[in-house]
Amino acid sequence: MNILITNDDGIYSPGIAALAKVASRFGKVRVVAPDVEQSSMGHAITASRPLFYKKSPISFGDIEAYRVNGTPADCVALGTHLGQTDIVLSGINMGANIGNGMWHSGTLAGAKQAALLGIRGIALSTPAGKTEPDFELLDPHIEKTLKLLIEKPDSLLINVNFPKNPVGTRWTRQAVTQYDGKIVPGTDPMGRKHYWFTVVPLQAADEETDLWAMENNFISITPLRLDLTDEKQLKINRKMTPEPVEK
Ligand code: MN
């Protein structure tokens, strides 16, 4: 099993070191990750300048590791070019990636880029607030989850979130009824108005969603799809408006 690992927090994040450590129990790991933080960059790709990679052994011991001047999606495209890849793991992100926050997630984009290339992709995240995640505590949970996902369900794209101290695992759906992004105005030391795009805590969510699972300390596993088509609306629109007729 050839495992490619990326993230969006950058190659020096403790989260990617923790993931590489656990993943190496399942196969041959290659780390290809951004040289600086790319959080909230979503699925951006670098198309207007060249990409470079450099060997980056710090924090990975014997594991092959490279840092790239690009985004998580760039790293997956380049990483799969560098050698055989059977599965891509992205994370472990320092910050949960649930609900509508998934639209911005660079972590998820790494897994999504794999899926676009026809390779299985798994994104992994855990909350990080004032204290750093306890990756020693999470280690057996990460191992158990990777074992389940690598050896059993064969979904192309999966989003995993680990609570601080997991009590179990739930298959979940994406919580889409709430959004946690808000613009908060402030004033800088020079008296100029500025604005922060902030993440605010969400209220209680519907059961079976990723948000609900995390609130109840369950590991949340959500299978995702690439097709964004609203099938229900498509049917309605086709009935409302006649199909174009070929002459
Ligand atoms: Mn991040």
Side-chain angles (χ1 to χ4, degrees), residues 3-23 29 31-46 51 56 58-60 65-79 88-116 121-135 137-139 141-142 145-146 157-164 166 174-175 179-182 196-202 210-211 213-214 219-222 224:
I3 304 167
L4 173 64
I5 294 185
T6 195
N7 75 346
D8 78 355
D9 293 337
I11 196 152
Y12 304 108
S13 167
I16 195 168
L19 180 57
K21 184 180 156 201
V22 180
V29 171
V31 174
V32 181
D35 55 3
V36 294
E37 182 165 358
Q38 298 284 334
S39 290
S40 299
M41 290 300 165
H43 206 133
I45 59 164
T46 302
L51 294 169
S56 200
I58 298 169
S59 43
F60 297 103
Y66 305 98
R67 62 184 187 274
V68 177
N69 60 333
T71 65
D74 292 333
C75 291
V76 170
L78 182 59
V88 173
L89 307 178
S90 182
I92 291 171
N93 190 59
M94 309 270 274
N97 276 307
I98 51 179
N100 283 320
M102 281 193 223
W103 290 102
H104 313 297
S105 172
T107 306
L108 180 57
K112 208 149 26 97
Q113 182 60 43
L116 289 176
I122 303 172
L124 307 107
S125 309
T126 194
K130 284 171 188 148
T131 54
E132 299 246 312
D134 185 345
F135 288 113
L137 182 149
L138 288 177
D139 186 295
H141 298 285
I142 299 164
T145 304
L146 286 186
L157 182 59
I158 293 265
N159 187 40
V160 180
N161 281 272
F162 298 95
K164 277 195 165 82
Q174 182 188 10
Y179 181 58
D180 64 353
K182 265 207 179 99
W196 280 95
F197 198 145
T198 61
V199 174
V200 292
L202 292 170
D210 49 7
L211 180 55
M214 289 292 281
I219 298 168
S220 165
I221 310 182
T222 314
L224 300 175

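Along the sequence shown, residues are numbered consecutively beginning with 1. Just so you know, ligand 1 is whichever comes first in the structure, and atom 1 is the first atom listed for that ligand. Just so you know, these numbers come straight off a predicted model, no measurement behind them.
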Could you check D9 against S39 for side chain to side chain donor-acceptor pair (under 3.5 Å), going step by step and ending with a plain yes or no? CA-CA 6 Å; D9 293 337; S39 290; 2.9 Å; yes

Would you sort out whether N161 and S220 count as a side chain to side chain donor-acceptor pair (under 3.5 Å), showing the intermediate values? CA-CA 5 Å; N161 281 272; S220 165; 5.0 Å; no

Given D210 and T222, is the side chain to side chain donor-acceptor pair (under 3.5 Å) satisfied, shown in steps? CA-CA 7 Å; D210 49 7; T222 314; 4.5 Å; no

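Using a cut-off of 2.8 Å, one finds that N7 contributes no N/O/S atom close to the Mn ion (ligand 1). With a cut-off of 2.8 Å, the Mn ion (ligand 1) has an N, O or S atom of N93 in range.
The residue from V29, L89, V88 that alone fulfils the side-chain contact (heavy atoms from CB on, under 4.5 Å) condition with L4 is V88.
With the Mn ion (ligand 1) as the vertex, atom OD1 of D8 and atom OD1 of D9 span an angle of 90° (nearest 10 degrees).
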